[in-house]
Amino acid sequence: MNFVIPDFYPAAAELFVAAMSFVILLVGTFKQSARHFVYTLTQITLVGAAAITWQTMDGQVNFTFSNMYVDDLMGDVLKLMLYLSVAAVLVYSRGYMNDRKMETTEYYLLAIYATLGMMVMISANHFLTIYLGLELLSLALYAMVALERDSARATEAAMKYFVLGALASGLLLYGISMIYGATGTLEISNVAQAIYHQAGNRTVLMFGLVFVVAGLAFKLGVVPFHMWIPDVYQGAPAAITLFIASAPKLAAFAMAMRLLVNGLFELAEQWQSMLMFLAVLSIVLGNLAAIAQTNIKRMLGYSGISHMGFMLLGLMSGVVGGDRHFALNAYSSSMFYVIAYVLMSLASFGVILLMSRAGFEAEALDDFKGLNKRSSWFAGVMAMVMFSMAGIPFFIGFFAKFSVLQAVVAAGYIWLAILAVIMSLIGAFYYLRVVKIMYFDEPADNTPIGATLDMRVLLSLNGLAIAVLGLLPQSLMTWCAYSLLGSL
Amino acid sequence: MTGIPFLSLAIWVPIVGGLLALATGSDRNASVARFVALFFALAGLAVSIPLYTGFDVSTSAMQFVEAYQWIPRFNINYVLGVDGISVLFVLLNSFITVIVVVAGWEVIQEKVSQYMAGFLIMSGLINGIFSALDGVLFYVFFEASLIPLFIIIGVWGGPNRVYAAIKFFLYTLAGSLLMLVALLYLFMESGGSFSILDWHQLKLGMDAQTLIFWAFLASFAVKVPMFPVHTWLPDAHVEAPTGGSIVLAAIGLKLGAYGFLRFSLPIAPDASQAFAPMMITLSLIAVIYIGFVALVQTDMKKLVAYSSISHMGFVTLGFFIFNPLGVEGALVQMISHGFVSGAMFACIGVLYDRMHSRQIADYGGVVNVMPKFAALFMLFSMANSGLPATSGFVGEFMVALGAVQYNFWIGFAAATTLIVGAAYTLWMYKRVVFGAITNHHVSELTDINNREFVFLAILAVCVLVMGIYPYPITEVMHASVNDLLKHVFVSKL
């Protein structure tokens with residue numbers, strides 16, 4: 001028996017993060033008081049991982065670990081966004097967690113493990129690798145939601161998340177097993193080959209596809225697998241909601257690309273019709289339900305559902321009547337959308353965290369009353385985010401919607417584009433309501449807004465990024481298209 | 001061409017000025033914000049003037065063209081240019097911005113920097129709308145210009161401002177989102193071009209033209225506004241602060257009408273002709289029915305708002321009778337209405353600042369205490385009712401003449417409503433200005449100060465000059481209008 005040492009190079013960033021997680025664990029265990037140090041170490045880990053990913057980004061597709069793992073440009077770009085968003089989450093959440101005595105080693109450690117899980121998901125080239133990454137992410141998230149031990153609401157949210165999440169994992173695993181049964185392999189490119197050569201039982205394969213899509217839909221949080229989103233978003237501490245609402249969307253997008261596009265592309269016509277169903281339901285229900293919300297976290301939860309529905313619109317426009325000509329355009333529009341959404345989500349929850357302070361959660365929409373009078377700059381940032389989410393130019397959200405709609409129209413689904421814009425109009429109402437509350441109402445509470453300098457700076461940059469990328473979206477769009485080129 | 005990018009300057013000078021005004025921050029620096037705003041409004045006007053003086057009236061081609069790549073991924077370009085149809089509106093908009101800044105000088109005391117910034121940024125965006133030659137660029141300016149007005153109505157507006165602001169925003173957004181789908185459809189049909197001029201040449205079947213026509217109609221009809229989607233306008237006008245009303249009436253309403261000329265007519269000419277009877281009917285309903293609605297208003301601002309809808313009915317009527325007299329008359333009417341309605345709202349603002357009431361019944365006998373004001377207000381009321389030698393007459397007369405050429409009865413119907421226009425405007429004027437003073441607050445009114453006199457007098461001069469000698473305006477639009485109409489009569493089927 002000969003033992004081949006695998007090529008570690010393509011997974012260097014993951015190995016670095018894993019090694020650093022042990023360092024953080026040890027430091028945290030032996031130096032209980034070293035919270036700042038742990039925080040710094042965590043940020044260093046993310047920066048280091050970013051440096052490694054940047055260094056190894058060569059545009060080549062490298063497989064390793066017996067083809068279970070892949071390093072390609074799409075993965076690299078998504079990972080860089082991932083580090084950025086996790087780092088931003090940590091900056092935004094630090095004060096909040098500290099105020100609530102939750103800024104512990106565990107928090108940072110769980111964040112690092114969740115990051116690692118997402119990296120594995122992004123770079124997986126094997127159904128089981130995806131599953132492992134997903135579970136690492138999910139377990140970390142369940143624990144993070146429950147970090148606020150004494151809060152009944154958080155515990156309930158964690159329980160709900162866990163039970164439904166376990167169910168979804170089960171569905172996904174069941175689907176994977178069927179695909180294995182039909183094709184005899186779990187390696188993504190081999191699965192694609194097998195389906196191409198008409199191997200296996202079609203019925204079993206279709207069943208497997210349905211379960212895989214269901215599991216994926218749960219992770220994305222699209223209707224009808226969205227039940228956990230509103231409760232978890234509302235119940236979890238705001239900092240954790242911020243985490244859940246940002247980076248995992250990138251990983252879920254990568255998972256969709258790996259599973260559906262790389263693995264099951266031959267079945268595109270089938271899964272596209274499923275995604276269309278999910279997308280339409282999500283856009284309709286997400287936007288309608290968001291109107292009725294008075295809790296801003298819950299409202300953003302429903303808005304997130306509709307945004308993920310929009311993202312799916314891009315994924316379902318790739319193949320038209322067997323013609324794959326549109327695929328790159330469609331998938332890159334989705335990728336652009338998901339990155340835009342993560343930026344907007346970070347900024348919106350960032351403002352919520354900014355407004356919260358010890359003993360006070362800025363959760364109700366009314367807590368934002370008259371924000372313009374209290375801090376016109378951050379009211380401006382929040383207004384930009386809201387207009388961006390509503391898809392008003394010159395903000396990034398407009399071009400995100402624009403590119404997805406363009407893909408939808410190019411695929412010939414004019415009615416779907418019309419439905420989507422009508423629902424965006426309904427969506428505009430509740431985003432406008434936030435602007436209305438901030439600008440038109442008198443403040444009910446005049447406590448000055450206190451936040452650390454790094455948070456203020458980063459949040460301002462985040463807001464500016466939404467505006468600047470809305471003015472000049474070309475480079476990010478090109479990056480999305482270019483990075484997907486190698487994966488198709 | 002000199003090479004100075006005047007159009008870009010007309011767009012970005014006010015926007016930069018707005019951002020600078022915004023940067024002055026709190027109300028402690030209010031006077032700095034005012035002067036920054038005034039400076040950049042004047043600068044915006046100054047860079048717009050060469051567009052007129054350097055304009056070549058002999059051609060219908062786009063002038064002052066600037067073209068840069070913006071988003072090559074979707075072949076979206078930053079292409080600007082003006083022809084005889086759009087150049088006047090850039091000028092009008094830059095001019096009105098100065099008026100608005102001056103009109104809000106002392107009146108606005110809260111969040112001055114944001115108020116001034118809102119108007120300047122909006123001014124730049126609107127110049128962008130009139131000069132964009134790329135579909136997406138147009139759309140982006142078109143949508144983005146909603147944000148400042150939304151904030152202006154909502155923050156500085158009247159008691160029911162929140163309702164009015166949200167209604168305004170959602171109504172206009174509803175229309176423009178459908179236009180976005182139409183733009184994407186045209187992008188696909190034209191093989192990947194967002195150039196408006198390319199679309200003018202694009203062959204389209206009748207079904208496609210019909211869809212596109214309706215999608216654009218949804219957007220522009222709301223913006224004009226045409227009957228029956230006009231209901232947001234009275235609300236928005238009544239609640240908006242004076243400056244907001246002036247911009248909305250003088251410029252905001254012109255955007256929709258401009259859209260018809262730039263998009264609907266040349267891109268879908270066959271559908272435009274097919275639906276012309278419907279458009280003419282809706283226009284006549286606006287002119288006649290809304291004229292009567294204006295007659296019964298008790299609120300001055302509402303009255304002028306309804307009168308605006310009625311006047312805009314003339315404009316759409318002029319477009320859809322497809323003859324040079326009609327279209328040019330409609331364009332003249334748009335410019336004239338910009339001055340007149342802006343001035344009417346400014347006059348009402350002058351009264352409102354003193355009395356905090358817009359109810360006609362609260363006034364009476366204003367002439368006794370405000371003679372200078374009464375004289376100017378008289379002139380604008382006359383112009384609003386279409387008195388010869390004022391600008392209001394020229395456009396309405398040309399449209400009526402064009403309509404008679406098209407069909408005698410349509411022309412007849414449109415012309416008789418001039419009487420209704422005179423009735424509601426002059427009756428309001430009589431009740432507000434003449435008669436005995438019945439309300440003791442009126443007797444305490446002071447006449448307009450120098451600042452108010454200056455901007456009203458400038459508007460008065462514009463109204464008179466345009467009424468007496470409109471040739472400099474019609475001369476500019478002649479070539480472009482003829483070219484447009486030639487285009488409309490060439491079938492694309």
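Letters go in sequence order (proteins before strands), and every chain restarts at 1.
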Quick check on the 6.0 Å ring-centre criterion: do [X] and [Y] meet it?
| X | Y | value |
| --- | --- | --- |
| B/Phe138 | B/Phe263 | yes |
| B/Phe168 | B/Tyr163 | no |
| A/Phe387 | A/Tyr431 | no |

Item to check | B/Tyr78, OH atom: more than 12 neighbouring heavy atoms under 6.0 Å | outcome: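 For B/Tyr78, atom OH is crowded (more than 12 foreign heavy atoms under 6.0 Å).
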Contact class of [X] relative to chain A, heavy atoms under 4.5 angstrom:
| X | answer |
| --- | --- |
| B/Trp156 | neither |
| B/Phe150 | both |
| B/Glu110 | side chain |
| B/Ile76 | side chain |

Checklist entry - With a 3.5 Å cut-off and no angle check, do the side chains of B/Arg73 and A/Ser332 form a donor-acceptor pair? => result yes
Checklist entry - For A/Tyr430 and A/Asn287, does a side-chain donor sit closer than 3.5 Å to a side-chain acceptor? => result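 Judged by distance alone, the side chains do pair up.
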Chain B interface, residue from [options] that has the most non-hydrogen pairs under 4.5 Å:
| options | value |
| --- | --- |
| A/Val435, A/Asn329, A/Ile426, A/Leu472 | A/Asn329 |
| A/Phe429, A/Phe402, A/Phe395 | A/Phe402 |
| A/Tyr439, A/Phe394, A/Trp377 | A/Phe394 |

Item to check | Those residues of residues 185-192 of chain B, ordered by number, that approach chain A below 4.5 Å (heavy atom to heavy atom) | outcome: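 When heavy atoms of chain A are the reference, residues 185-192 of chain B contributes B/Tyr185, B/Phe187, B/Met188 within the under-4.5 Å range.
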Checklist entry - Are A/Gln272 and A/Leu315 close enough that some pair of their side-chain heavy atoms sits under 4.5 Å apart? => result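 No, too far: nothing below the 4.5 Å cut-off.
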Checklist entry - Who among B/Leu184, B/Leu178, B/Leu125, B/Leu173 has the most heavy-atom pairs with chain A under 4.5 Å? => result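 It is B/Leu184.
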Item to check | Pair B/Tyr171-B/Lys167, side chain to side chain donor-acceptor pair (under 3.5 Å): steps then yes or no | outcome: CA-CA 6 Å; B/Tyr171 245 84; B/Lys167 187 172 180 181; 5.5 Å; no
Checklist outcome for this item: Ordered numerically, the heavy-atom neighbours of chain B under 4.5 Å found in residues 407-417 of chain A are A/Val409, A/Ala410, A/Ile414, A/Ala417
Checklist entry - Is it the backbone or the side chain of A/Ala420 that comes under 4.5 Å from a heavy atom of chain B, or both, or neither? => result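 Neither part.
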